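Written out below as structure tokens is the structure these notes cover.
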2 protein chains.
Amino acid sequence: MRLLGQEDKETLAMALDHSGQRATPQRETVFGVLLDQRDHPTADEVYARTKSRMPTISMATVYNCLETLVSSGLVKQVNIEREPTRYCPNLAPHAHFHCRDTGRVYDVPVPEGMMKDLAKVLPGEYSADSVELVFRGHLAKEKTK
Amino acid sequence: MRLLGQEDKETLAMALDHSGQRATPQRETVFGVLLDQRDHPTADEVYARTKSRMPTISMATVYNCLETLVSSGLVKQVNIEREPTRYCPNLAPHAHFHCRDTGRVYDVPVPEGMMKDLAKVLPGEYSADSVELVFRGHLAKEKTK
DNA sequence: ATTTGACTTAGAATTATTCTAATTCAGTAT
DNA sequence: ATACTGAATTAGAATAATTCTAAGTCAAAT
């Protein structure tokens with residue numbers, strides 16, 4: 001485990017301040033958990049990982065912290081097929097791949113131009129502020145990571 | 001309200017048979033409800049609409065019928081942001097637009113070529129059998145329908 | 001020092017969905 | 001026609017992720 005670096009702490013503090021919220025040890029720890037292992041953990045998983053660093057934290061607080069991080073814009077929720085919500089600190093535009101065998105979720109980089117093209121399929125009466133792209137299928141071989 | 005036409009009944013019977021299941025009045029009625037008003041109803045809404053045509057049907061049966069229809073391939077589930085699952089009998093490849101104001105979901109036709117292009121962003125180790133594309137935002141004016 | 005309001009916490013409540021166990025039904029074999 | 005078989009339906013209980021509630025804690029500002 002790696003603690004939150006000074007740089008990440010600054011980022012967090014600024015983003016929270018910008019949305020009228022405070023940095024707290026719990027929020028820093030949860031954010032650190034997300035940055036540390038970018039495997040799209042569920043709230044349960046975040047709770048378990050956070051608890052090992054901060055044993056007194058409660059599930060409710062984990063939910064609160066995650067919500068705070070999302071509202072500050074540093075973390076995105078990833079919802080796939082009514083499964084428990086997953087959390088993702090990858091702010092670059094990207095798609096997701098959901099493996100039917102393992103249930104794991106992988107980030108898929110999306111080229112700049114593709115996002116532009118996607119916007120074009122929308123008829124004029126719609127104006128979208130977010131696009132979500134999820135692939136589902138299988139991994140060719142075994143992905144070790 | 002419009003009853004299930006002979007053609008739709010055939011389609012349903014064939015699809016069910018193909019997946020080793022039987023056509024029943026409940027399944028026909030639920031399917032009719034979905035074809036009748038293609039506004040992506042939730043199970044609750046399907047239940048209410050179906051009950052007005054077949055007052056004795058139960059919620060469990062509605063869930064069972066929806067599951068059956070999905071497994072037969074005639075209906076697709078549409079999941080958006082952990083909201084209750086919606087049901088959609090539109091089999092053509094299409095995207096969805098989720099209005100932040102009303103919560104309504106609209107079908108957005110996607111040109112053939114776009115789907116092809118989307119597949120290309122997937123690195124070789126992934127093989128996708130389904131793609132989900134959801135836009136979220138606002139409608140320019142008021143959409144009356 | 002005291003107040004204020006934000007934050008954390010444990011546990012209860014909510015809610016969409018699934019499960020269970022009993023009943024009904026349709027088709028087939030007797 | 002009648003009995004069997006497995007599928008389908010049903011009411012209600014159970015599940016599980018998330019949200020809510022109400023009480024307690026803390027940090028900053030007066």
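Here is how names work: the chains are called A, B, and so on, in the same order as the sequence lines, proteins then strands, and each is numbered from 1. All figures in this text were calculated on a predicted structure; none of them were measured in a lab.
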Could you run through nucleotides 8-30 of chain D and give me one letter per nucleotide, 5' to 3': B if any protein heavy atom sits under 4.0 Å from the base, S if only the sugar-phosphate is that close, - if neither? SBBB-----SBB-----------
Can you give me every donor-acceptor pair (side chain of residues 24-33 of chain A, partner residue at least two apart or in another chain, under 3.5 Å) with its distance?
| residue | atom | partner | partner atom | Å |
| --- | --- | --- | --- | --- |
| T24(A) | OG1 | R27(A) | N | 3.1 |
| R27(A) | NH1 | R22(A) | O | 2.7 |
| T29(A) | OG1 | P25(A) | O | 2.8 |

Which pairs with one or both residues in residues 70-82 of chain B pass salt bridge (charged side-chain N to carboxylate O under 4.0 Å, His left out), sequence neighbours excluded?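 Pairs touching residues 70-82 of chain B that pass the test: E81(B)-R136(B).
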How would you list all residue pairs meeting side chain to side chain donor-acceptor pair (under 3.5 Å) that involve residues 111-123 of chain A, not counting sequence neighbours?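 Of all non-adjacent pairs touching residues 111-123 of chain A, those that pass side chain to side chain donor-acceptor pair (under 3.5 Å) are D117(A)-K120(A).
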Identify, with sequence neighbours excluded, every residue that meets salt bridge (charged side-chain N to carboxylate O under 4.0 Å, His left out) alongside D129(A).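 Checked D129(A) against salt bridge (charged side-chain N to carboxylate O under 4.0 Å, His left out); matches are R100(B).
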Transitive ILVMFWY cluster of V134(B), excluding itself - 4.5 Å side-chain cut-off: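 Taking Ile, Leu, Val, Met, Phe, Trp and Tyr as members, V134(B) shares its hydrophobic cluster with V78(B), I80(B), V105(B).
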